[in-house]
Structure formats: structure tokens, C-alpha cells
Colleague: 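Can you read through this structure? Questions will come right after.
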Amino acid sequence: MPELPEVETVRRGLAPALVGKRIAKAKTKRGDLRFPFPDRFAARLKGRTVETLDRRAKYLLAHLDNGQVWITHLGMTGRWSIIGAKQQPGDFYYAEPPDPTHTHVVVELEDGGRIEFNDPRRFGYMDLIAEAELETHPYFKGLGPEPLSNAFHEGHLKKAFAGKKTSVKAALLDQRVVAGLGNIYVVEALHRVGIAPTKEAGRISAKRLETLFHAIRAVLEEAIEAGGSTLSDYAGADGAQGQMQHRFRVYDREGEKCPTPNCPGTIARVTQSGRSTFYCPRCQR
DNA sequence: ACAACCTCCTGGGGGC
DNA sequence: TGCCCCCAGGAGGTTG
């Protein structure tokens with residue numbers, strides 16, 4: 001799924017269609033995604049105005065004018081699309097609708113805009129939460145810092161990894177350590193700094209953790225700039241595919257030559273807790 | 001506390 | 001062409 005850069009790309013694409021707009025009508029096409037929709041979900045959206053569209057970790061947060069926050073998690077294959085024909089430059093209604101078989105939520109805005117949520121695998125979910133309960137809600141309680149915010153800083157990983165016997169890859173996938181990383185960007189960040197994904201988190205020097213900190217920032221920023229990564233399902237709210245997949249150094253590149261200058265290694269694939277890890281055994285230690 | 005494994009679900013790709 | 005198996009960006013849950 002959508003990791004942080006993909007969710008951020010969706011947020012940026014969706015915002016012009018949604019922020020400041022009043023919801024004329026919302027419709028769910030089934031009772032559940034990963035979880036059941038909250039009670040009277042569609043009725044509670046109707047008539048509300050979206051004040052801001054934020055992101056926390058991999059969640060989209062639409063703050064409504066009644067103190068409620070409309071949450072979307074995209075799961076593995078969730079997409080928000082702004083539907084309609086582009087009439088003139090600056091219009092933001094231009095996505096081609098994805099396969100309607102898996103369109104589960106349709107929201108019509110009072111200005112005539114329409115957005116659709118599509119999710120073949122239905123690992124995504126939505127919820128409505130009171131703003132005052134956001135921080136204590138199970139979705140958000142315990143989430144680590146936003147990696148692109150000041151709350152994530154050079155000393156953070158040292159503190160978070162201290163004494164951890166788990167692999168550095170598992171540690172970085174743990175949303176309590178730092179929020180928003182997923183399989184792809186963890187693997188990419190580790191290659192950039194030459195740390196083996198299997199390395200015990202608590203045994204990495206402070207100096208190397210500093211370089212890792214910078215690599216995490218860099219890879220996420222680059223990915224956002226590239227509009228995220230499209231492997232199969234992911235697309236921005238305007239329907240555009242991401243471009244970051246062309247810049248992967250190791251992800252899904254098993255058997256290819258290691259891109260590190262002068263490294264004679266070959267990218268390997270191993271399984272760590274059921275997920276694919278790609279890395280260069282030669283230059284990642 | 002932690003690792004390994006399983007689960008939700010659908011679709012695409014490779015092998016035969 | 002078809003079938004079967006494996007794999008996939010998340011993440012919560014259960015075991016041991």
C-alpha cells in the first residue's frame with residue numbers, strides 16, 4: 001500500500017477538491033471494508049463542510065465543521081479519485097474512474113465535484129472520530145513521530161532502538177518507532193546507508209543511526225516529489241501514477257547488480273517475518 | 001517484550 | 001487457454 005509518500009500524494013491531490021467544500025451526499029455501496037463503516041456513516045457526512053485535509057502516518061484526516069474527523073486508511077489497494085472531465089487548466093476533476101466493481105464509497109460535493117473510493121482488496125477502512133479523541137484513539141495512540149516533522153530528530157532512533165534485539169527492518173516497520181514507513185521505503189533507506197536489514201537494531205552505532213535518520217528523510221522526500229510509487233494499484237487522486245518505482249535501488253530488483261558505485265554485489269531477496277526484503281549482501285552490513 | 005506466523009481480500013503473473 | 005500456486009504497498013491478532 002500506500003506508504004507515507006503515497007498517502008501524502010493522495011492528500012495533496014484530493015485537497016483542492018475537498019477542502020472548503022460542503023458534502024451534498026455520501027453513499028456507501030456495502031456495509032464494510034476491512035471494518036464495518038461507523039453507524040450512519042453516510043448520513044453523518046451529508047451537509048458537513050471539510051475544513052482541512054491532513055495526514056498522520058498513513059491515515060488521511062478530513063476535519064469536518066462539526067468537530068468530527070473523517071478518517072481514511074488506504075490499506076493495500078485503496079484509492080481516492082476525483083471524478084470528472086478536465087475542462088480547463090486548473091480544474092481538478094480529471095481522474096478516470098477505476099473499475100467500478102470495487103468502488104465502495106461515492107461522495108458528491110455541493111459544487112458539483114465527486115470523489116470515489118475504490119479498493120479491490122478492501123484492506124482499507126474509514127471512520128468518524130471526535131477531534132478531541134484523536135490522540136487517544138487506538139488508531140493513533142502509540143504512533144511514533146512523523147518522520148518529516150521536527151519530532152523525528154537525529155537522536156530519536158538511538159533512543160527508540162536502544163536494547164532492541166529485533167532486526168532493524170522490523171524496528172523501522174513498527175509504527176510506534178516512526179510512523180508512515182512501509183516495506184518499500186524501509187528497504188530503500190537501509191540500502192542507502194549500507195545497513196543490513198537483518199542487523200540487530202540495538203547494535204547499530206549512534207553514528208550509523210544518524211545517517212539512517214537522514215536517509216529515511218531523504219527517501220521519503222524524494223518519493224513525495226515523485227508522486228509516490230506505483231506497483232500496480234496505486235494512483236494519486238488525479239489518477240496519475242507515481243514515478244518513484246523507477247528510482248528504486250533494491251526493491252523488487254532481485255538478481256540485479258547493486259547500484260552502489262564500485263560494489264560488485266547482486267541484490268538478494270530474503271523473507272523477514274513473512275515480507276520480502278531486498279538488499280545487497282555485499283555493501284549492506 | 002518479542003519473533004514467527006496467520007488473517008482479512010482480490011487480482012496478476014509465472015509455471016506447467 | 002486454463003488452472004494452480006505464489007505473491008503483493010498494511011497491520012492487528014494469536015502463539016509460544
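Chain letters run A, B, ... following the sequence lines, proteins first and then strands; every chain starts at 1.
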Colleague: Heavy atoms from C-beta onward define the side chain here; which of C/dG12, B/dC2, C/dC7 lies closest to that of A/Y59?
Modeller: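 Nearest nucleotide to the side chain: C/dG12.
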Colleague: How close or far is atom C1' of B/dG11 from atom CG of A/D119, stated in whole angstroms?
Modeller: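 Spelled out: CG on A/D119 to C1' on B/dG11 is 13 Å.
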Colleague: Less than 4.0 angstrom between a side-chain N/O of A/H73 and OP1 or OP2 of C/dG10, yes or no?
Modeller: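 For C/dG10, OP1/OP2 do not have a side-chain N/O of A/H73 under 4.0 Å.
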Colleague: So which one's nearest nucleotide on DNA chain B is more toward 5', A/K164 or A/R30?
Modeller: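 That would be A/K164.
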Colleague: In whole Å, what is the span from the CZ atom of A/R79 to the P atom of B/dT10?
Modeller: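 That distance rounds to 18 Å.
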Colleague: Give one of base, sugar-phosphate or nothing for A/G274, where a contact means two heavy atoms less than 4.0 Å apart.
Modeller: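 The residue A/G274 makes no contact with any strand.
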Colleague: Which value, in whole Å, describes the distance between the P atoms of nucleotides B/dC9 and C/dC3?
Modeller: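 My reading of the P atoms in B/dC9 and C/dC3 gives 23 Å.
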Colleague: Are A/F123 and C/dG10 stacked, counting the six-membered base ring, centres under 5.5 Å, planes under 30°?
Modeller: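 One would call A/F123 stacked on the C/dG10 base.
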Colleague: Distance check: side-chain N/O of A/Q175 vs OP1/OP2 of C/dG10, anything under 4.0 Å?
Modeller: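 Answer is no, no contact under 4.0 Å.
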Colleague: Given atom CD of A/E3 and atom C1' of C/dG10, what is their separation to the nearest angstrom?
Modeller: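 Taking atom C1' of C/dG10 as the reference, CD of A/E3 is at 9 Å.
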Colleague: Are A/R12 and A/E8 close enough for a salt bridge, meaning some N to O gap below 4.0 Å?
Modeller: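 Salt bridge between A/R12 and A/E8, a charged N being under 4.0 Å from a carboxylate O: yes.
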Colleague: B/dC9, OP1 or OP2 - any side-chain N/O from A/H102 closer than 4.0 Å?
Modeller: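 So the side chain of A/H102 is outside the cut-off, no N or O lying under 4.0 Å from OP1 or OP2 of B/dC9.
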Colleague: With a non-hydrogen cut-off below 4.0 angstrom, is A/R269 in contact with a base, only sugar-phosphate, or nothing?
Modeller: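 Here A/R269 touches the backbone only, sparing every base.
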Colleague: Categorize A/D233 for me: base, sugar-phosphate, or nothing, with a 4.0 angstrom heavy-atom threshold over every strand shown.
Modeller: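 Base, at least one base atom sits under 4.0 Å.
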Colleague: In whole angstroms, how far is the C1' atom of C/dC7 from the CG atom of A/L231?
Modeller: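 After rounding, the reported distance stands at 12 Å.
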Colleague: Would you please say whether a donor-acceptor pair under 3.5 Å links the side chains of A/E6 and A/Y185?
Modeller: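 There is such a pair (donor and acceptor under 3.5 Å, judged by atom type) between the side chains of A/E6 and A/Y185.
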Colleague: Please work out which of the three classes, parallel, tilted or perpendicular, describes the rings of A/H156 and A/F152, given edges at 30° and 60°.
Modeller: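 Answer is perpendicular, since the angle exceeds 60°.
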Colleague: So does A/E225 have more than 12 non-hydrogen atoms from other groups sitting under 6.0 Å from CD?
Modeller: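 It does not: A/E225 CD has 12 such atoms or fewer within range.
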Colleague: Base of C/dA8, side chain of A/R121 - is there a donor-acceptor contact under 3.5 Å?
Modeller: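 Pair found.
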Colleague: Which word best sums up how the rings of A/Y59 and A/H73 line up, parallel for under 30°, tilted for 30 to 60°, or perpendicular for over 60°?
Modeller: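 Ring orientation, 0 to 90° scale: perpendicular.
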Colleague: Which label fits A/W80 and A/W70: parallel for a plane angle under 30°, tilted from 30 to 60°, or perpendicular past 60°?
Modeller: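 A/W80 vs A/W70 ring planes: perpendicular.
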Colleague: So which one's nearest nucleotide on DNA chain B is more toward 5', A/R34 or A/D99?
Modeller: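 Its nearest nucleotide lies further toward 5', so the answer is A/R34.
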Colleague: I'd like the C1' distance from B/dA3 over to C/dA8, given in whole Å.
Modeller: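 Looking at atom C1' only, C/dA8 and B/dA3 are 22 Å apart.
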Colleague: Any donor-acceptor pair under 3.5 Å joining the side chain of A/R122 to the base of B/dC9?
Modeller: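 Looking at the base of B/dC9, it does not pair with any donor or acceptor on the side chain of A/R122 (distance under 3.5 Å).
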Colleague: Find the distance A/L173:CG to C/dG12:C1' and express it as a whole number of Å.
Modeller: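 Rounded to the whole Å, the gap is 14 Å.
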Colleague: If I take atom CG in residue A/D252 and atom C1' in nucleotide C/dC6, what distance separates them, rounded to the nearest angstrom?
Modeller: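 Rounded to whole Å, this separation is 14 Å.
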Colleague: Would you please confirm or rule out a distance under 4.0 Å between OP1 or OP2 of C/dA11 and any side-chain N or O of A/K58?
Modeller: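 For A/K58, the contact criterion (side-chain N or O under 4.0 Å from OP1 or OP2 of C/dA11) is met.
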Colleague: Please report the distance, rounded to the nearest Å, between CD in A/Q272 and P in B/dC5.
Modeller: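 After rounding, the gap between these two atoms is 12 Å.
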Colleague: With both distances kept under 3.5 Å, what pairs with B/dA4, Watson-Crick or G-U wobble?
Modeller: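 For B/dA4, the partner nucleotide comes out as C/dT14, under the 3.5 Å rule.
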Colleague: Is the distance from OP1 or OP2 of B/dC6 to the nearest side-chain N or O of A/R275 less than 4.0 Å?
Modeller: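 For B/dC6, OP1/OP2 do not have a side-chain N/O of A/R275 under 4.0 Å.
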Colleague: Nearest whole Å is fine: how far is C/dG10 C1' from A/Y251 OH?
Modeller: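 Taking atom C1' of C/dG10 as the reference, OH of A/Y251 is at 12 Å.
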Colleague: Does a nitrogen or oxygen in the side chain of A/S273 sit under 4.0 Å from OP1 or OP2 of B/dA3?
Modeller: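 Result: no.
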